[in-house]
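Shown next, in structure tokens, is the structure this report addresses.
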Amino acid sequence: MAAGVAEFRAKHGRAPGLHVILAGDDPASAVYVRNKEVAADKVGMVGQVHRLPASVSEEELLARVRDLNAAPEVDGILVQFPVPAQVSQGRVLTTIAPEKDVDGLHAINVGKLWSGLPGLVPCTPRGVMRLLEESGIELAGKRAIVIGRSNLVGKPVAALLLAKNCTVTLAHSRTEELPARCREADIVIAAVGKAKLVGPDWIRPGATVIDVGMNRDEAGRLCGDVDFAAVEPIAGAITPVPGGVGPMTIAMLLDNTLQAARARVASGAGES
Ligand code: NAP
């Protein structure tokens, strides 16, 4: 990543720029944003945070997004969610210029993903796919189940697995006989938000298990959606929480920013 950034800087006379808007004072959001800023800095990108008060109006926040859309040195824009209640998340997403939408959540990028066209892909789903690819897990023809159907994680993961020729089941809170459906799968992706929901009786021996969940257990420790200690002896491969998908999300955010920067200069925008 740092090499790609250095090459971009040498060619174009500036570093790729990632701009994050943080509205309000949610402590967890502040930590996530700080981590993104530090990671951008580490690989030589410009990482800038725009802090707005919790009382910010929707129009003020959208005006900041439009300013960043128009700024040539800005390659990636990310608005940290949740936004304050008076601001519509949907309007924020549709205001970000699709070519700078490094979270990949604008309807244009969602449409490109499901149509098989190149575009910006959400970071956590990209991280899931990178983990599978780097681990040499065979995907074509395999049965995959994704538990959770959010726009942020579940649906894009399903689209990406489908694009790799998996046979995909997209499960959710209304899915009947979920443990049995999971037991049929070669690949289980848990993106629910319920501590240790997936137990050993849900997993077929040798299956690959990717745990996206980030929860707190009874003792307040960070844990995933999978009961790691109980499932690990059965699974063929499994990711831990913390330390599995989480770090991949930030890595893919930086990768998306570099991709956006390259695409913008190739189209004649964003040259210094
Ligand atoms: P979300 O928007 O709350 O979606 C949760 C999904 O899980 C929904 O589709 C819901 O079904 C489904 N669900 C809830 N209870 C269920 C149950 N008992 N059985 C089956 N499905 C159930 O959450 P999200 O944003 O996708 O995030 C999911 C988890 O991933 C959270 O723990 C979040 O913190 C974590 N996360 C981690 C990262 C990372 O970088 N590691 C990034 C993003 C999210 P319905 O649609 O029917 O309600």
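Note that ligands are numbered from 1 as they come in the structure, with each ligand's atoms numbered from 1 the same way. Just the heavy atoms: all of them, side chains too, but no hydrogens, waters or symmetry mates, feed the values below.
- Across the listed options Val192, Val245, Leu253, Val146, Val192 owns the non-hydrogen atom lying nearest to atom 7 (O) of ligand 1.
- Remark: side-chain polar atoms of Asp225 are paired, donor with acceptor, to backbone N or O of Gly193 under 3.5 angstrom.
- Heavy-atom proximity to Thr249, at under 4.0 Å, picks out these atoms of ligand 1: 39 (C), 40 (O).
- If you check which protein heavy atom lies closest to atom 6 (C) of ligand 1, you get Gly148 CA, 3.6 Å.
- Of the residues Val188, Val231, Thr239, Val241, the one that meets the side-chain contact (heavy atoms from CB on, under 4.5 Å) test with Val226 is Val231.
- If you check which protein heavy atom lies closest to atom 27 (O) of ligand 1, you get Val153 CG2, 4.3 Å.
- The residue among Thr175, Val198, Val212, Leu152 with a heavy atom at the shortest distance from atom 41 (N) of ligand 1 is Val212.
- Ligand 1 places these atoms under 4.0 Å from at least one heavy atom of Ile147: 20 (C), 21 (N).
- Counting protein heavy atoms only, atom 42 (C) of ligand 1 is closest to Thr124 OG1, 3.2 Å.
- Hydrophobic cluster membership differs between Val20 and Met252, with clusters built from Ile, Leu, Val, Met, Phe, Trp and Tyr side chains linked at under 4.5 angstrom.
- Pairing each heavy atom of Asp25 with each of Ala54, the nearest pair is OD1-CB, 4.4 Å.
- For Arg149, a nitrogen or oxygen atom sits less than 3.5 Å from a nitrogen or oxygen atom of ligand 1, counting backbone and side chain alike.
- The only member of Arg64, Arg66, Arg91 that meets salt bridge (Lys or Arg N to Asp or Glu O under 4.0 Å) when paired with Glu59 is Arg66.
- Heavy atoms of Met248 found under 4.0 angstrom from ligand 1: none, in either backbone or side chain.
- Numbered from 1 in the order shown, with element, the atoms of ligand 1 that lie under 4.0 Å from a heavy atom of Gly246 read 40 (O), 41 (N).
- One hydrophobic cluster, built from ILVMFWY side chains closer than 4.5 Å, cannot hold both Tyr32 and Leu22; they sit in different ones.
- Among the atoms of Met214, some N or O lies under 3.5 angstrom from an N or O of ligand 1.
- In this structure, His106 NE2 and Glu99 CD are separated by 9.0 Å, a value rounded to the nearest 0.5 Å.
- Within the structure, the salt bridge (Lys or Arg N to Asp or Glu O under 4.0 Å) test picks out the following pairs touching residues 68-80 (sequence neighbours left out): Arg14-Asp75, Asp75-Arg264.
- Among all protein heavy atoms, the one lying closest to atom 31 (C) of ligand 1 is Gly193 CA, 3.6 Å.
- Backbone and side-chain nitrogen or oxygen atoms of Ser150 are examined, and one is located within less than 3.5 angstrom of a nitrogen or oxygen of ligand 1.
- Residue pairs meeting the ring pair (Phe, Tyr, Trp, His ring centres under 6.0 Å) criterion with at least one member in residues 133-179, sequence neighbours excluded, do not occur.
- Remark: minimum distance from atom 19 (N) of ligand 1 to any protein heavy atom is reached at Leu178 CD2, 3.7 Å.
- For atom 11 (O) of ligand 1, the nearest non-hydrogen atom from the set Gly224, Ser173, Gly127 belongs to Ser173.
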